[in-house]
Amino acid sequence: MHRYFTDQRHEALRHRVRDFAEREVRPRIAEMEANRSVCHELSRLIARQGWIGATVHRAYGGMGAGHVAKTLIIEELSRVSAAMGAMVQASQLGVAKIVHFGSEEQKKTWLPAIASGDCLPTIAVTEPQSGGHVLGMSSTAVRDGDDYVLNGRKIYVGNSHVGDLHGVVVRTGEGSKGLSAFLVESDTPGFRVGPQQPAMGLHGFSFGELFFDDCRVPAANLLGREGDGLSVAYSSSVLYGRPNLTAVSLGIHQAVLDETTRFCTERQRYGKPLADLGNIKLKLGRIQSRLLLGRLSAYHAVHLLDQGLPCDAELMNAKLVNVESALESARDAMDIHAACGLFTDRPVERFLRDAHHIFAPAGTSDIQLLRLGELALGRAQGDWSSRLADLLRLEPSEWPEDDEAADQAPTNPPVTVRPEDPTPTVPGQRTGPTGRHSWFARPR
């Protein structure tokens, strides 16, 4: 299956990420679990590898490697530490709003810094009273001369405590056209981050609260136009949030299988490995079967994204399948480990705790089923993969065959053609030359 959706470049990248995760991330897991607080140093080290810019065009310093590459980066990190996989997926989610709705000036200002790891972006939508109901939010932005003044509160913001640039969706008017999105730097007066709260899992990752108290941001930090906030929130969630979280679940699932098969091989019962028991083989078979199906759905969906093909339904289904199957397999693994799984010297209990954290973001399983049901009835809405296909499609020019080819590529500054008509809410086509480094390049 890997050979169908991935090529030599993908697999080379997979091995680099895997080697990095084993060398730099695994030794820090015990400390992250003990401290249960955000790991700033490791987050920055991972960001400096350039992987946050997986889908950033090479004209802006990114990898230009696409969504399949993004998925395998998150999967391999999550196989070792779901917390660090979550950190990367949250920042890559923060990239979406700029790639899809940013002006040329915003792209040139922020995307190179994000791609180099100097800036970690976030997206902040959820509020305490409205939860996942985006239209129920009450945080506001009011125009005041050349600025907007923001007031309100956001919760469950991924990378809240390490983020440098927060994409914030707030109210600028009434109804569905009354939401707008802004870029807010973390050192802006009137902005603050709430204290980190201990959580069940994903220790080392932060998803906390952001507060805006007369927080003044330049009008130039508006993403798109006033009224584009709902589009920013929904498109980011569907096209980045769901596949990113799918990849985290996939990495956890692989770790569950690896650890459980190792345990069954090493653990002895009556002089024979536990793996020799028929009922254990059945449970391992179910875990393996779920993992194969989950990986197929995950990579198929992002493969369609890279092709610029309609795939909203596949992205929903991949999140549903992978989240549910990872949880089921983690419970099976706990059954197999029995009392041994209750102690923290083995990671299986961590896998179950971490897997629960992936359930709610970007829509619970019920939400995915609801949307899939609407699709079955012919009432599907959004179709973001079609509306933003030109920004999602991975062009052949973004796939350098080697470093030499990349170095010979043109280096003219990027040029973006803005649409003449001010009414559409979907940005124009991906533009710009490809004159940066190959994504074969070794990590920095």
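Computed from a predicted model, the values in this text were never measured in an experiment. These numbers come from the heavy atoms of this one structure, side chains and all, not from hydrogens, waters or symmetry mates. Counting from 1, the numbers follow the sequence of the chain as shown.
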Asks: Looking at E22, I'd like to know if its CD atom is crowded, meaning that more than 12 non-hydrogen atoms belonging to other residues, nucleotides or ligands lie closer than 6.0 Å.
Replies: yes
Asks: Just do the side-chain contact (heavy atoms from CB on, under 4.5 Å) check on L183 and V217 with the steps written out, would you?
Replies: CA-CA 8 Å; L183 296 173; V217 299; over 6 Å; no
Asks: Closer than 3.5 angstrom, by distance alone: can the side chain of S43 be matched with the main-chain N or O of C39 as a donor-acceptor pair?
Replies: yes
Asks: Looking just at side-chain N and O atoms, do H10 and D7 make a donor-acceptor pair shorter than 3.5 Å?
Replies: yes
Asks: Where does the angle between the aromatic ring planes of F207 and Y156 fall among parallel (under 30°), tilted (30 to 60°) and perpendicular (over 60°)?
Replies: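 F207 vs Y156 ring planes: tilted.
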Asks: Side-chain donor-acceptor pair under 3.5 Å between T140 and R171, yes or no?
Replies: no
Asks: Is any side-chain N of the basic residue among D164 and R44 closer than 4.0 Å to the acidic one's carboxylate O?
Replies: yes
Asks: Can you check salt bridge (Lys or Arg N to Asp or Glu O under 4.0 Å) on R153 and E209, steps first, answer last?
Replies: CA-CA 7 Å; R153 174 187 176 196; E209 296 183 83; 2.4 Å; yes
Asks: Look at atom CZ of R379 and say whether more than 12 heavy atoms of other residues, nucleotides or ligands are closer to it than 6.0 Å.
Replies: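 Not more than 12 within 6.0 Å, no.
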Asks: Tell me, yes or no, whether the heavy-atom count around D146 atom CG, taken from other residues, nucleotides or ligands under 6.0 Å, exceeds 12.
Replies: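 Counting neighbours around CG of D146, 12 or fewer heavy atoms of other residues, nucleotides or ligands fall under 6.0 Å, so no.
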Asks: Walk me through it: do E31 and R28 pass the test salt bridge (Lys or Arg N to Asp or Glu O under 4.0 Å)?
Replies: CA-CA 5 Å; E31 180 182 358; R28 292 173 164 91; over 6 Å; no
Asks: Using a strict threshold of under 4.0 Å (side-chain N to carboxylate O), is an ion pair present between R79 and E75?
Replies: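 So E75 does not pair with R79 through a salt bridge.
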Asks: Just checking, any donor-acceptor pair under 3.5 angstrom between side chains of Q368 and R242?
Replies: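 Indeed, the side chains of Q368 and R242 share at least one donor-acceptor pair under 3.5 Å.
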Asks: Indicate yes or no: does R393 engage D306 in a salt bridge with an N to O separation below 4.0 Å.
Replies: no
Asks: Ring centroid separation for W51 and F20, is it under 6.0 angstrom?
Replies: yes
Asks: Please lay out, stage by stage, how F359 and E324 fare under the test side-chain contact (heavy atoms from CB on, under 4.5 Å).
Replies: CA-CA 8 Å; F359 177 79; E324 292 293 337; 3.5 Å; yes
Asks: Quick one about S206 and Q196 (side-chain donor to acceptor, distance below 3.5 Å, no hydrogens or angles considered), yes or no?
Replies: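 No, because no side-chain N or O of Q196 sits under 3.5 Å from a partner of the opposite role on S206.
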Asks: Could you go through the side-chain contact (heavy atoms from CB on, under 4.5 Å) check for R350 and D354 one step at a time?
Replies: CA-CA 6 Å; R350 168 166 60 90; D354 290 348; 3.4 Å; yes
Asks: Does the side chain of N151 come under 3.5 Å of the side chain of D214 through a donor N or O and an acceptor N or O?
Replies: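 A pair is found: one side chain offers a donor N or O, the other an acceptor, under 3.5 Å apart.
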Asks: I'd like to know whether the aromatic ring centres of F182 and H166 sit less than 6.0 Å apart in this structure.
Replies: no
